[in-house]
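In the text below, chain A, chain B and the rest are named by the order of the sequence lines, each starting its count at 1.
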Amino acid sequence: MSARPVLQTADIGRALRRIAHEILEARRGDGRLVFLGIPTRGAALAKRLHSIVEQIEPGVAEAGTLDVTMHRDDLGRSATRAPAPTRIPSGGIDDAVVVLVDDVLFSGRTVRAALDALADHGRPRAVRLAVLVDRGHRELPIRADFVGKNLPSATSERVFVRLTEVDGVDEVAISS
Amino acid sequence: MRHLLSTKDLARDDAVRILDVAEEMAATADREVKKLPALRGKTIVNLFFEDSTRTRLSFESAAKRLSADVITFSAKGSSVSKGESLKDTAQTLVAMGADAIVVRHHASGAAHRLAHAGWIDAAIINAGDGTHEHPTQALLDAFTLRRRLHGEDARGRALDGARVVIVGDILHSRVARSNVWLLATLGAEVHLVAPRTLQPAGIEAWPATVHELLDDALATGPDAVMMLRIQRERMHDAFFPTEREYARIWGLTAERFAALPADTIVMHPGPMNRGLEIASVAADSTRSTVLDQVTNGVSIRMAVLYLLVSGTDGGRA
């Protein structure tokens with residue numbers, strides 16, 4: 001099994017900066033932005049996006065995490081999953097523009113679960129989706145608004161995202 | 001972990017995982033929608049052969065918060081009074097589609113029998129069996145203590161170094177037994193206090209220090225004092241001369257409460273006998289966790305039900 005690197009530290013940084021700019025550009029009106037990362041690596045990415053946005057337009061955004069474990073549609077089909085913490089920023093999500101952040105967009109089922117989980121916390125004005133890698137093979141009618149890299153892949157291949165906060169190194173790789 | 005029968009055979013990692021999942025369950029109480037879809041389509045049966053209010057309601061509310069269907073069965077007014085056996089009752093419930101059975105029984109070992117006799121294939125949760133164990137009570141006590149000690153940083157931690165004094169009717173108390181095993185597993189230092197007559201045989205072998213006088217145990221400067229209920233319904237023999245004498249020597253009186261270190265918490269599994277084992281000033285103070293324990297009980301039971309019922313592997317998260 002050989003892993004082929006796709007993105008390095010600098011590429012990931014560049015992709016996130018571009019996404020941050022796109023998010024700010026697409027933000028219509030004065031709505032608050034709330035970045036909610038899906039644990040584990042989405043949470044780290046949400047934090048990074050938030051700090052980039054802070055440098056460009058201080059005070060427009062908040063960041064948190066949204067655990068989706070309890071809302072998954074495969075709970076009864078796989079091993080028991082332990083839930084991770086959900087941290088909604090103090091301002092809540094009502095009437096805010098929520099940007100869901102995840103590392104890899106694949107079947108779309110995690111995002112579906114996230115949309116359900118989000119409804120337990122309030123009613124955002126709009127929900128957007130930002131991902132570092134879109135590898136295709138959607139099983140649900142879901143698409144990302146902001147994508148770091150489109151990565152055509154075979155279903156048999158595996159995409160690895162490693163981030164400094166979790167794995168000690170920044171890297172995206174694909175292996176067959 | 002396919003069943004939860006006792007805390008004695010609960011590994012430290014499993015115990016910490018239950019407490020961690022309970023933290024996430026507790027967080028849902030602050031949400032607009034307090035219900036989670038995790039156990040949608042699952043059926044949980046509460047099988048209660050012995051009276052209980054808080055444990056039954058707590059399990060019921062935990063199962064409902066997880067969107068499971070709940071059937072509550074109490075032995076009174078059922079076919080059990082016609083002489084139906086535990087085996088037949090259990091098989092009937094499983095035939096109705098129960099995924100998990102929460103059982104309380106007056107006989108020690110009833111939950112173990114249900115889990116291992118090969119009669120049925122459902123997850124069994126012990127909600128109190130005779131004078132043996134009451135594991136979810138011990139877990140919620142540990143959860144309450146961990147939150148008070150570590151606050152927001154509680155996740156992933158055990159109770160290493162915490163000093164807990166457990167006072168009262170150790171002889172009949174399944175809460176005490178479950179707590180001793182669990183607290184010891186989690187690294188806490190346990191002190192037990194009871195009159196000689198209410199100390200079970202073999203208590204020397206437990207992972208705890210035994211005292212006969214409450215004042216000796218309180219002198220160790222505990223982080224928590226857990227008062228057990230004097231179970232009047234079990235006090236048929238003369239275990240102590242009078243209730244007044246018990247209150248004087250083994251009760252958490254106003255004077256003893258005032259003399260405790262300022263951050264010592266006071267725990268009680270309820271229902272309390274005010275003026276007997278605990279003075280009202282202690283029960284109603286901000287250092288009393290009695291109501292926290294009730295709230296935390298729901299979170300712990302949600303965690304246990306989720307871990308045992310949701311996956312295909314019975315809790316190996």
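Figure legend: R147(B) and F143(B) shown without cation-pi pairing, the cationic atom not lying both under 6.0 angstrom from the six-membered ring centre and within 45 degrees of its axis.
The contact list for residues 86-94 of chain A toward chain B, using heavy atoms and a distance under 4.5 Å, reads T86(A), R87(A), D94(A) by residue number. Contact residues of residues 138-154 of chain A toward chain B are absent (heavy-atom distance under 4.5 Å). Residues of residues 62-70 of chain A lying within less than 4.5 angstrom of chain B, judged on heavy atoms, are T69(A), M70(A) in numerical order. Of all residues in residues 129-136 of chain A, none places a non-hydrogen atom less than 4.5 angstrom from a non-hydrogen atom of chain B.
Between chain B and the options G122(A), A119(A), P85(A), A117(A), heavy-atom pairs under 4.5 Å are most frequent for P85(A).
For R12(B), the CZ atom is densely surrounded, since the number of other residues' heavy atoms within 6.0 Å is greater than 12. H112(B) NE2: 12 or fewer foreign heavy atoms inside a 6.0 Å radius. Shown here is R112(A), whose CZ atom has more than 12 heavy atoms of other residues, nucleotides or ligands within 6.0 Å.
Neither the backbone nor the side chain of K34(B) has a heavy atom closer than 4.5 Å to any heavy atom of chain A. Of the atoms belonging to A84(A), it is backbone heavy atoms, and not side-chain ones, that fall under 4.5 Å from chain B. Heavy-atom distances place no part of R40(B) under 4.5 Å from chain A, backbone and side chain included. Only the backbone of R77(A) comes within less than 4.5 Å of a heavy atom of chain B; no side-chain atom from C-beta onward does.
For the pair R146(B) (side chain) and A154(B) (backbone), a donor-acceptor distance under 3.5 Å is present.
The residue from L139(B), T144(B), V21(B) that alone fulfils the side chain to side chain contact (heavy atoms under 4.5 Å, CB included) condition with I300(B) is L139(B). Among the candidates D11(A), L7(A), V161(A), L163(A), the single residue satisfying the side chain to side chain contact (heavy atoms under 4.5 Å, CB included) test with D170(A) is L163(A).
When all heavy atoms are compared, the tightest approach of R155(B) to D20(B) is CA-OD1, 3.5 Å.
No hydrogens or angles considered: a donor-acceptor pair under 3.5 Å links the side chains of S6(B) and D9(B).
The distance from atom OG of S178(B) to atom NE2 of H132(B), rounded to the nearest 0.5 Å, is 7.5 Å.
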